[in-house]
Each structure stands twice: as structure tokens, then as C-alpha cells.
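Let me begin by presenting the structure, written as C-alpha cells, before commenting on it.
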There are 2 protein chains.
Amino acid sequence: MSLGGLQRSRYLLIIDKIKQDIESGYLQPGEKLPSENKLAKKLGVSRTTLREALRILEEEGVVVRRHGIGTFINKKPVFYNGIEELTSITEMIEKEGKVAGNRILFSDFVTPIAQDKDVLNLKDDELVFLVKRVRTADGSPVIYCIDKIPAHIVPDDAIQDNESIFDFLEKEGDVTINYATAVIETIGYHEEISKILDCDQESPLLILKQTHFDMNDQPVLYSINFFRADQFSFSVFRKRVNF
Amino acid sequence: MSLGGLQRSRYLLIIDKIKQDIESGYLQPGEKLPSENKLAKKLGVSRTTLREALRILEEEGVVVRRHGIGTFINKKPVFYNGIEELTSITEMIEKEGKVAGNRILFSDFVTPIAQDKDVLNLKDDELVFLVKRVRTADGSPVIYCIDKIPAHIVPDDAIQDNESIFDFLEKEGDVTINYATAVIETIGYHEEISKILDCDQESPLLILKQTHFDMNDQPVLYSINFFRADQFSFSVFRKRVNF
DNA sequence: ACGGATTTGTTCGTATGTATA
DNA sequence: CTATACATACGAACAAATCCG
């Protein structure tokens, strides 16, 4: 039973199909799906494969499974684009339906401060590539970004305009960002940054400090982002873990 | 092939065993586990069952699996106590090693505003039970809390001092909070709240607006919490989802 | 550079357990 | 009690990624 030239595996195709059926309205919120046996037969896959798809859909909050009752399309709008889902700033802005832009203020190799050495696990005398820039949404400045990358993974050519650091690292630097640990803070007013983001003393800034790790759990990017609080908020899905 | 009177399923037992082996030091961080075939044989379960256990352990960040290479005990300390893990304010304060306290400013049934009706899915004319209070850590005020609960799930007796809303609802209200959707915002200064929390115009507030849901996906608690930004920050584990 | 060995990923079929209506 | 539906479990086969000689 060969899959032929299929690059996407079957359970991913099932996930796509079910999501698509929800989008199109063929599957309604709250609706009960056919039993796993019937649905598997209808979709032409084994029950194991269907269950793998349903497991992931449940994890994503798309469906709810109840033992002995059935599987249902979730009534609630799924909490997309929460902060726990790692995306680049570019994606964040574009998901708002706006055009993401970039203005680079500074970009060069510099001597790291003690904190950088610690966070990025730098070797002695290793430099960091520092980028300071302003991100714009539909032309107006909304985020001030400081990115620090260990010198050994930065290719020789400097960073391009309008380029996501994510894409830049993955295309040029031969690393893949896998996850990040983030801390959310806030600051009332910053002499320099508030001015650049064109916001007055009344409107504070949200700060997202992130350490990004690659597939080998090595830190590859430390970034500090200042968001205009009147333009951004972060959403989180909080799960109960202790019984 | 009966499981006998086993109440805990096999894959859960495998999870327990592996976690225990890590605790005891028998399995070291970064160590490679035997191949799935060998390990399954050694543990006396099928590869399917072992994989189900490994899947969950990977989800929890305990192990890392690499296609074609093997499965490893995670080097990194698992990211505990991030904001995505739903805990009560009481727990948050106590995890900092401080004594959690409570000062109730207001508590009574009131007419809901339009937003409350929407968020809490209230019936016509249904009141909400509103609680305003200051949470203290080691005696000093750190969080200002506004909690709103639909009248029909609030028992007749009013809320006790020093009691967690979580515990209160679960003990008296016969509901179990399952998850919450949260939005993180910030505000520079609030005439009334900043004064109560004893912080000046310079230090902003972090705001956590949460809708809590019970096991049946019904909203049971809407709470707005104002945190002193110099005392609190939120951490999040951000996962990459799109290849 | 190639090929085989190893290891995890995917998929199938089937059987039995357990919760719910 | 019985039927239905999801949960757990086993065994087997092949695919895909990686590693090593």
C-alpha cells in the first residue's frame, strides 16, 4: 500500500480536510462527527490514522472528544494566534491584515554584554550581531526590535531590508528556530523608544523578551521587542494541568 | 490478553516509570534512550503503547525525539509555571514563596454591563456576583482583582475572606474550572487602582483579562487582574507550529 | 559518493476495555 | 441489559531520516 509521491502524510491530509469542511460550513460548530469507524471508512483510512488526526485536532481545540458519546466540532471559536504559538513579527503584523515594514536603525557586530553571553551561551570573545530596527504596520511605527545573534551563525552578508530575522536565519544561517521562551513585561515610558514609536507619556509599552532555540536546543537569537500597547495585546490559552 | 484489575493504563505506567527514572538519576539529561523496539521489548509492551507514552512525554517537554536518530531525555529544565498553565492568583503568589492575603473591597450581586452579558453568556435579567479585592503578598498590595460570576452558580452565602475564587467555586459552586482564555494588556496609570496598589505614575500595570470555562465549555468566571509591573512578569513557552 | 544498518514516523488491521445513552 | 462510541493495546509492514563504513 504505497503512498506514491505523497509528501504530506495521510493524517495531515485528514486534518486539512476537516478544517476545510469547517471553514466551508459543511461542518457546523457543535456538530457531531460520524463515529470513528464510519468516518474512517468514509475517508478511506484506518481508524488509527483518523484517530491521529483527531488527536491533533483536539489538541488544537478544533474538536472535542467525549468517551462513549462522540466527537464534536468545537462550539467556541478556536483561540488562534495566541502568544504561545511562535510566529515572527512579520507574521503577527500581516495577520492583522496590515503591511509589514522595516526600518533598520543599526546593524553590526558588537561586543556582547554579560547578559548576552549568558543567554546566548557565547564562547569567549565571540561577538554578537546586533540589529536595532523599527517595525511598521501600514507605514506607521508600532514595534521597536532589538535582535542579537551569535556571530558564528551569521553569514557574512548583512541583513537585508524588509526581511524577517526568522527567514534570514533559516535561509542564510542554516538554522531552524524550533521554540522560544518568552517573558512579558511592561514599561511606562522610554526616553528614546517611546519617541521613535511616536507615543506619548500616557501610553505604555509591552515588552516581549525572547530566547529562541534551534532544533538542537541551542540558543540562536535573543530579541527584545517593544510594542505600542494601544496597538497590541497578547492572548494566551491557559490550560488546567493539576487534576 | 486481559489487563486484569489495572486501573491505570499501560502507557501511563510507562510515563510514570520514565519520569521516575529521571528523578532517581537512572536516566540522565541528554541521555539517549534505547530504540523503541528494544525499549518496548524491555518494558514488556508493544511499540505502539511505548510510542503513546513517548508522545506525551515529548508533549510535556520531558523527552526529545529525532527522526532517524533516537529519543533523548531533554537537557533543558521543563518550562514550569508559565502563564499558559492555569493557576489561581493564590498559587501564583505562594509559588514566589510569599504569603498570599486578601482584602475585599466590594462583594455583591449587581446588574451586569453589556460586555459581561456577552462574555459570560448571561440570560436576560440574570445578575452577576461582583467581587473587587486587593491581593497581597507578604502583606503588601500587589494585585487588584475584579471577578464576575453569573448569579446562578453562586451559592447563597457570600465569599469568605482569604479564599481563592477557584476553590470557592469548586467547593461551594459545584463547578470545575477547566481552562481560560486570557488577554494581556498594559496601562500606564489608573487613577484609583494605582493608588490602591501604592505605585506612582512611573510604574505601569500589567492587565490580565480572563474568561474561565468549566468542563462543559460554559463561561463561569470573568476576571480582570491588575498586576504591579515591578513585581510581576509573565513567561510563556512559544512553540513553532508551522514546519 | 554510495549502500546498508539503525531509528523514528506513518499506516494498516484487529481485539478488547470502558463510558454513556 | 444492550448497543454505540471512544480508549487502549497488540503486531506487522513500509517510509523516511540519519549514520557509518
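A note on names: the letters A, B, ... follow the listed sequences, proteins ahead of strands, and every chain is numbered from 1. As the structure is a computational prediction, the values presented were derived from the model and not from experiment.
One atom, CD of Glu52(A), and another, P of dA9(D), lie 16 Å apart when rounded to the nearest Å. For Leu54(A) and dT10(C), the CG to C1' distance is 16 Å, given to the nearest whole Å. Atom P of nucleotide dA5(D) and atom CZ of Phe72(A) are separated by 11 Å, given to the nearest angstrom.
By the salt bridge (charged side-chain N to carboxylate O under 4.0 Å, His left out) test, Asp214(B) is found to be paired with no residue, residues two or more places apart in sequence or in another chain being considered. A search for side-chain contact (heavy atoms from CB on, under 4.5 Å) contacts involving Lys32(B) returns Phe72(B), not counting sequence neighbours. Annotation: salt bridge (charged side-chain N to carboxylate O under 4.0 Å, His left out) contacts of Arg51(A) (sequence neighbours excluded): Glu36(A).
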Q. Under the salt bridge (Lys or Arg N to Asp or Glu O under 4.0 Å) criterion, do Glu58(B) and Arg55(B) qualify, and how do the steps go?
A. CA-CA 5 Å; Glu58(B) 179 170 52; Arg55(B) 186 185 68 69; over 6 Å; no
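The side chain of Arg10(A) approaches dC12(C) more closely than any other nucleotide in the set dC12(C), dT10(C), dA7(D). The Arg51(B) side chain lies nearest to dT8(C) when the options are dC6(D), dT8(C), dT11(C).
Residues from residues 14-22 of chain B with heavy atoms under 4.0 angstrom of DNA chain D: there are none.
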Would you tabulate the pairs of protein nitrogen or oxygen atoms and nucleotide nitrogen or oxygen atoms of nucleotides 2-7 of chain C closer than 3.5 angstrom?
none

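Ionic pairing of Asp16(B) and Arg8(B) is present here: one or more N-O contacts between side-chain nitrogen and carboxylate oxygen are shorter than 4.0 angstrom. Salt bridge status for Glu23(B) with Lys19(B): absent, with no side-chain N to carboxylate O gap under 4.0 Å.
For Arg47(A) and Thr48(B), each mapped to the nucleotide of DNA chain D holding its nearest heavy atom, the one lying further toward the 5' end belongs to Arg47(A).
For the helix from dC2(C)-dG21(D) to dA21(C)-dT2(D), the terminal axes (five pairs an end, C1' atoms, rotation from four pairs onto the next four) enclose an angle of 10°, given to 10 degrees.
In this structure, Ser9(A) does not reach the dA15(D) phosphate: none of its side-chain N or O atoms is under 4.0 Å from OP1 or OP2.
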